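Here's the structure, in structure tokens; my notes come after.
When reading the values below, keep in mind they use all heavy atoms of this one structure, side chains included, and skip hydrogens, waters and symmetry mates. Residues: numbered from 1 along the sequence shown. Because the structure is predicted, anything quoted here is derived from the model rather than measured.
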Amino acid sequence: MRDNFNTYIDDIEAGFWIDLCVKRGRLISFARGEEFASAGSPARYLGYIKSGTLKYTVTSDSGESRVIGLEFDGEFVADFPFSLYGRKSRVSIVAETPCQIHCIESAEVAAMMEADPYVRHIVMKATEAIFSTVYDRYTALYTTTPQQRYEDLISRHPDLFSLFSLKDIASFLNITPTHLSRLRKNIVSGS
């Protein structure tokens, strides 16, 4: 079994979130390229991915789309915790492959959070875990080489290139597609 690509999963009450999405939500299909959440609008759902892959994107000042996150089946997708507070999303979350996602309305979870201290605690723990994952990735940009980041990425998800484009993977690693091609070539040749 692979290590969780998104390490926050190791530190949340995954069973709680799965049950919430599957039992209280509804299964929604998203076509490739369809947005689960749109930058500039509050995200409507939190979801548990039954099948498919998604990417989190932002747009640079120059208008270039950049990939800042990836999600896989068996993981969760959300503009978390911002959607719980009705805040506008800073990211777009886009289906990279056709997806089936068990979705629960963000407003419903927010109401549960207001009414139940246990749910508030679960949300707080999930927020901390997600922050830790994002912070680890941020610090890795400054403390590891692109090759180290690439090797870590591939060790966690060896089939990544069958799920995402080279351009998206390079963007996630904060390198150019040409640089990524060189890294792949060097690793294959053993250099």
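Take Arg24 and apply the salt bridge (charged side-chain N to carboxylate O under 4.0 Å, His left out) test, not counting sequence neighbours, and it matches Glu108. Listed by chain and residue number, Phe72 satisfy the ring pair (Phe, Tyr, Trp, His ring centres under 6.0 Å) test with Phe164 (two or more places apart in sequence, or in another chain). Take Tyr142 and apply the ring pair (Phe, Tyr, Trp, His ring centres under 6.0 Å) test, not counting sequence neighbours, and it matches Tyr138. Applying the salt bridge (charged side-chain N to carboxylate O under 4.0 Å, His left out) criterion to Glu35, with sequence neighbours excluded, gives no partner residue. The ring pair (Phe, Tyr, Trp, His ring centres under 6.0 Å) search around Phe131 returns Tyr135, not counting sequence neighbours. A search for salt bridge (charged side-chain N to carboxylate O under 4.0 Å, His left out) contacts involving Arg32 returns Glu96, not counting sequence neighbours. For Arg137, the side-chain hydrogen bond (donor to acceptor under 3.5 Å, both in side chains) partners at least two apart in sequence or on another chain are Asn6. With sequence neighbours left out, Thr143 forms a side-chain contact (heavy atoms from CB on, under 4.5 Å) with no residue at all. Glu128 pairs by the salt bridge (charged side-chain N to carboxylate O under 4.0 Å, His left out) definition with Lys125, not counting sequence neighbours.
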Mind running side-chain contact (heavy atoms from CB on, under 4.5 Å) on Arg120 and Met124 for me, showing each step along the way?
-> CA-CA 6 Å; Arg120 227 177 359 266; Met124 180 192 72; over 6 Å; no
Test side-chain hydrogen bond (donor to acceptor under 3.5 Å, both in side chains) applied to Ser62 and Ser60, step by step | CA-CA 5 Å; Ser62 66; Ser60 70; 2.9 Å; yes
Could you walk me through whether Leu20 and Met112 pass the side-chain contact (heavy atoms from CB on, under 4.5 Å) test, one step at a time?
-> CA-CA 11 Å; Leu20 186 68; Met112 292 171 62; 3.5 Å; yes
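Applying the 4.5 Å side-chain rule to ILVMFWY residues, one finds Ile28, Phe36, Tyr45, Ile49, Leu54, Tyr56, Val58, Ile68, Val77, Val91, Ile93, Ile101 in the same cluster as Phe30.
Listed by first and then second residue, the salt bridge (charged side-chain N to carboxylate O under 4.0 Å, His left out) pairs involving residues 83-92 amount to none (not counting sequence neighbours). Within the structure, salt bridge (charged side-chain N to carboxylate O under 4.0 Å, His left out) pairs that include any residue of residues 167-183 comprise Lys55-Asp168 (at least two apart or interchain).
The residues Arg156 and Asp152 are annotated as salt-bridged, a charged nitrogen and a carboxylate oxygen being separated by less than 4.0 angstrom.
Closest non-hydrogen pair, Ser83 versus Leu46, comes out as OG-CD1, 4.0 Å. Shown here for Asp116 and Tyr118, the closest heavy-atom pair between the two residues is OD1-N, 2.8 Å. Heavy-atom minimum distance, Thr97 versus Gly52: OG1-CA, 3.3 Å. Heavy atoms only, all atoms of each residue included: Ala95 and Ala31 are closest at CB-O, 3.4 Å. Across Ala43 and Ser106, no two heavy atoms sit closer than the pair O-OG, 3.3 Å. The two atoms that bring Gly86 and Pro42 nearest to each other are O-CG, 3.4 Å, heavy atoms only.
With hydrophobic clusters built from ILVMFWY side chains whose heavy atoms lie under 4.5 angstrom apart, Ile18 shares a cluster with Val119. A continuous path of ILVMFWY side-chain contacts below 4.5 Å connects Leu166 to Ile154, so both sit in one hydrophobic cluster. Hydrophobic clustering (side-chain heavy atoms under 4.5 Å, transitive across Ile, Leu, Val, Met, Phe, Trp, Tyr) groups Ile104 together with Val22. Both Phe161 and Leu183 are members of a single hydrophobic cluster when ILVMFWY side chains are connected at heavy-atom separations under 4.5 Å. Residues Phe80 and Val94 are members of separate hydrophobic clusters, defined by side-chain heavy-atom contacts under 4.5 angstrom among Ile, Leu, Val, Met, Phe, Trp and Tyr.
For the atom pair Glu75 CD and Thr53 OG1, the distance stands at 10.5 Å (nearest 0.5 Å). Atom NE2 of His157 is separated from atom CG of Leu163 by 6.0 Å, given to the nearest 0.5 angstrom. The CH2 atom of Trp17 lies 8.5 Å from the CZ atom of Phe76; values are rounded to the nearest 0.5 Å. Note: Thr144 OG1 to Leu141 CG = 7.0 Å, rounded to the nearest 0.5 Å. Of the inter-residue distances, the one linking Ile12 atom CD1 with Ile130 atom CD1 reads 7.0 Å to the nearest 0.5 angstrom. Residue Leu160 holds its CG atom at 8.5 Å from CZ of Phe172, rounded to the nearest 0.5 Å.
Here the side chains of His102 and Arg26 are not in contact, with every heavy-atom distance at 4.5 Å or above.
Results of the side-chain hydrogen bond (donor to acceptor under 3.5 Å, both in side chains) test with Asn174 over Arg66, Arg149, His179 single out Arg66 as the only residue that passes.
Although no hydrogens or angles enter the test, the distance criterion places a donor-acceptor pair under 3.5 Å between the side chain of Ser171 and the main chain of Val67.
Using modelled atom types and a 3.5 Å distance limit, the side chains of Ser92 and Ser38 yield no donor-acceptor pair.
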